[in-house]
> 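Structure below; questions to follow.
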Amino acid sequence: QVHLVESGGDSVMPGGTLTLSCIASGDTDNSRCMAWFRQAPGKEREGVATITPDGNRRYVADSVKGRFIISRDSAKNTVYLQLASLRPEDTATYYCAADRHCPAGPSRYVATEYAHWGQGTQVTVSS
């Protein structure tokens, strides 16, 4: 079993920055590949960024490219998402996801590819 706990969500003004954290515990073999998704009210869950177990390959969705950065500290079983130049449309609940396997190509942004999920952390961008 894998337990994921996100933190760092907050209310910020447009143009602001945040860093989200996700700590994995339990059977960490099943959290080798990690990702961040987000879901706004009334919308489908959207893949934002993924990172491979060694942290050497990172992928971000076009919608956040150049503004969001994913990273991980394997010694701490923690993955981070740095959010910059935040926009009102970035408002959503952000979820950490993990799986033993790393999906490839467009599948890396598909929620059903990940078996384990955190409870989410709210990010609100508003003036």
Side-chain angles (χ1 to χ4, degrees):
Q1 185 72 343
V2 176
H3 189 51
L4 303 173
V5 179
E6 304 98 330
S7 61
D10 205 345
S11 294
V12 297
M13 297 190 62
T17 61
L18 282 175
T19 297
L20 309 183
S21 301
C22 172
I23 300 175
S25 61
D27 183 359
T28 53
D29 276 348
N30 282 318
S31 61
R32 295 176 66 246
C33 198
M34 300 190 75
W36 285 96
F37 284 73
R38 67 183 182 183
Q39 189 166 19
K43 294 189 176 181
E44 291 191 358
R45 194 164 293 194
E46 172 192 17
V48 174
T50 71
I51 188 166
T52 53
D54 59 10
N56 289 337
R57 281 172 286 170
R58 314 176 190 193
Y59 305 91
V60 292
D62 288 343
S63 58
V64 301
K65 194 165 291 184
R67 300 189 299 121
F68 291 8
I69 299 173
I70 188 171
S71 61
R72 71 190 297 165
D73 183 337
S74 295
K76 297 181 179 179
N77 291 322
T78 301
V79 65
Y80 304 96
L81 186 68
Q82 297 171 263
L83 295 72
S85 302
L86 281 162
R87 305 167 180 169
E89 55 263 39
D90 294 319
T91 295
T93 301
Y94 283 71
Y95 296 92
C96 177
D99 200 273
R100 174 182 292 271
H101 304 290
C102 290
S107 294
R108 60 174 60 99
Y109 301 118
V110 175
T112 52
E113 294 289 331
Y114 297 86
H116 308 284
W117 292 84
Q119 82 289 347
T121 187
Q122 180 66 36
V123 172
T124 302
V125 185
S126 173
S127 56

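Residue numbers run from 1 in the order of the sequence given.
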> Is there a donor-acceptor contact under 3.5 Å from the side chain of Arg72 to the main chain of Gly55?
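No, Arg72 side chain to Gly55 backbone: no donor-acceptor pair under 3.5 Å.
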> For Ala40, which residues count as a side chain to side chain contact (heavy atoms under 4.5 Å, CB included) partner, sequence neighbours excluded?
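Once residues adjacent in sequence are excluded, the partners of Ala40 under the side chain to side chain contact (heavy atoms under 4.5 Å, CB included) criterion are Lys43, Ala92.
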> Shortest non-hydrogen contact from Leu18 to Val123?
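Looking at all heavy atoms of both residues, the closest pair is CD1-CG1, 3.8 Å.
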> Can you confirm whether more than 12 heavy atoms, excluding those of Glu89, are under 6.0 Å from its CD atom?
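Correct, the count exceeds 12.
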> Looking at side-chain heavy atoms only, is the closest gap between Thr50 and Tyr114 below 4.5 Å?
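Yes, at least one pair of side-chain atoms sits under 4.5 Å.
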> If you group Ile, Leu, Val, Met, Phe, Trp and Tyr by side-chain heavy-atom gaps below 4.5 Å, do Val48 and Tyr80 land in one group?
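In one cluster with Val48: Tyr80, no.
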> Do Cys96 and Trp36 have side chains that approach each other closer than 4.5 Å (heavy atoms only, starting at C-beta)?
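Yes; the side chains approach each other to less than 4.5 Å.
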> Measuring only between side-chain heavy atoms, which start at C-beta, is Ile51 closer than 4.5 Å to Arg58?
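Side chain of Ile51 against side chain of Arg58, heavy atoms only: contact under 4.5 Å found.
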> Could you tell me the separation between the OG atom of Ser7 and the CD1 atom of Ile23, rounded to the nearest 0.5 Å?
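Interatomic distance, Ser7 OG to Ile23 CD1, rounded to 0.5 Å: 6.0 Å.
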> Where the side chain of Thr121 meets the backbone of Glu6, is there a donor-acceptor pair that is under 3.5 Å apart?
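No; zero donor-acceptor contacts below 3.5 Å.
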> Of all heavy-atom pairs between Met34 and Ala24, which one has the smallest distance, and what is that distance?
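Looking at all heavy atoms of both residues, the shortest contact is CE-CB, 4.2 Å.
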> Hey, what do you get for OG1 (Thr112) to CZ (Arg45), rounding to the nearest 0.5 Å?
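It is 11.5 Å, given to the nearest 0.5 Å.
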> Using the side chain to side chain donor-acceptor pair (under 3.5 Å) criterion, which residues pair with Tyr94? Sequence neighbours excluded.
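For Tyr94, the residues satisfying side chain to side chain donor-acceptor pair (under 3.5 Å) (neighbours in sequence not counted) are Arg38.
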> Just wondering, do Val79 and Ile70 contact through their side chains at under 4.5 Å, heavy atoms?
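Ile70 vs Val79: side chains touch.
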> Decide whether a cation-pi geometry holds between Arg108 and Tyr59; the criteria are a distance under 6.0 Å from NZ or CZ to the six-membered ring centre and an angle within 45° of the ring axis.
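Pair Arg108/Tyr59 counts as cation-pi.
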> Any chain of hydrophobic side-chain contacts (each under 4.5 Å) joining Val64 to Leu20?
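The answer is yes; both residues are in one hydrophobic cluster.
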> Who passes ring-ring contact (aromatic ring centres under 6.0 Å, His included) against Tyr95, sequence neighbours left out?
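By the ring-ring contact (aromatic ring centres under 6.0 Å, His included) rule, Tyr95 matches no residue at all.
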> What distance do Arg32 atom CZ and His101 atom NE2 have between them, rounded to the nearest 0.5 Å?
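Here the interatomic distance stands at 8.5 Å.
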> Identify the two heavy atoms, one from Ser74 and one from Pro53, that lie closest to each other, and give their separation to 0.1 Å.
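The pair with the smallest heavy-atom distance is OG-O, 3.6 Å.
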> To the nearest 0.5 Å, what is the distance between CG on Asn77 and NE2 on His3?
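If I round to the nearest 0.5 Å, the distance is 13.0 Å.
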> What distance do Gln82 atom CD and Phe68 atom CZ have between them, rounded to the nearest 0.5 Å?
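Gln82 CD to Phe68 CZ: 11.0 Å, rounded to 0.5 Å.
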> Do you know the tightest heavy-atom contact between Phe37 and Tyr109?
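Phe37 and Tyr109 have their closest heavy atoms at CE2-O, 3.3 Å.
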> Could you state the interatomic distance from CD (Gln119) to SG (Cys22), rounded to the nearest 0.5 Å?
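Reported to 0.5 Å precision, the distance equals 8.5 Å.
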> Thr17 and Val12: which non-hydrogen atoms are nearest, and at how many Å?
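Of all heavy-atom pairs spanning Thr17 and Val12, the closest is O-CG1, 4.2 Å.
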> A side-chain contact here means heavy atoms from C-beta on lying under 4.5 Å apart; do Leu83 and Asp90 qualify?
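No, every pair of side-chain atoms sits at 4.5 Å or beyond.
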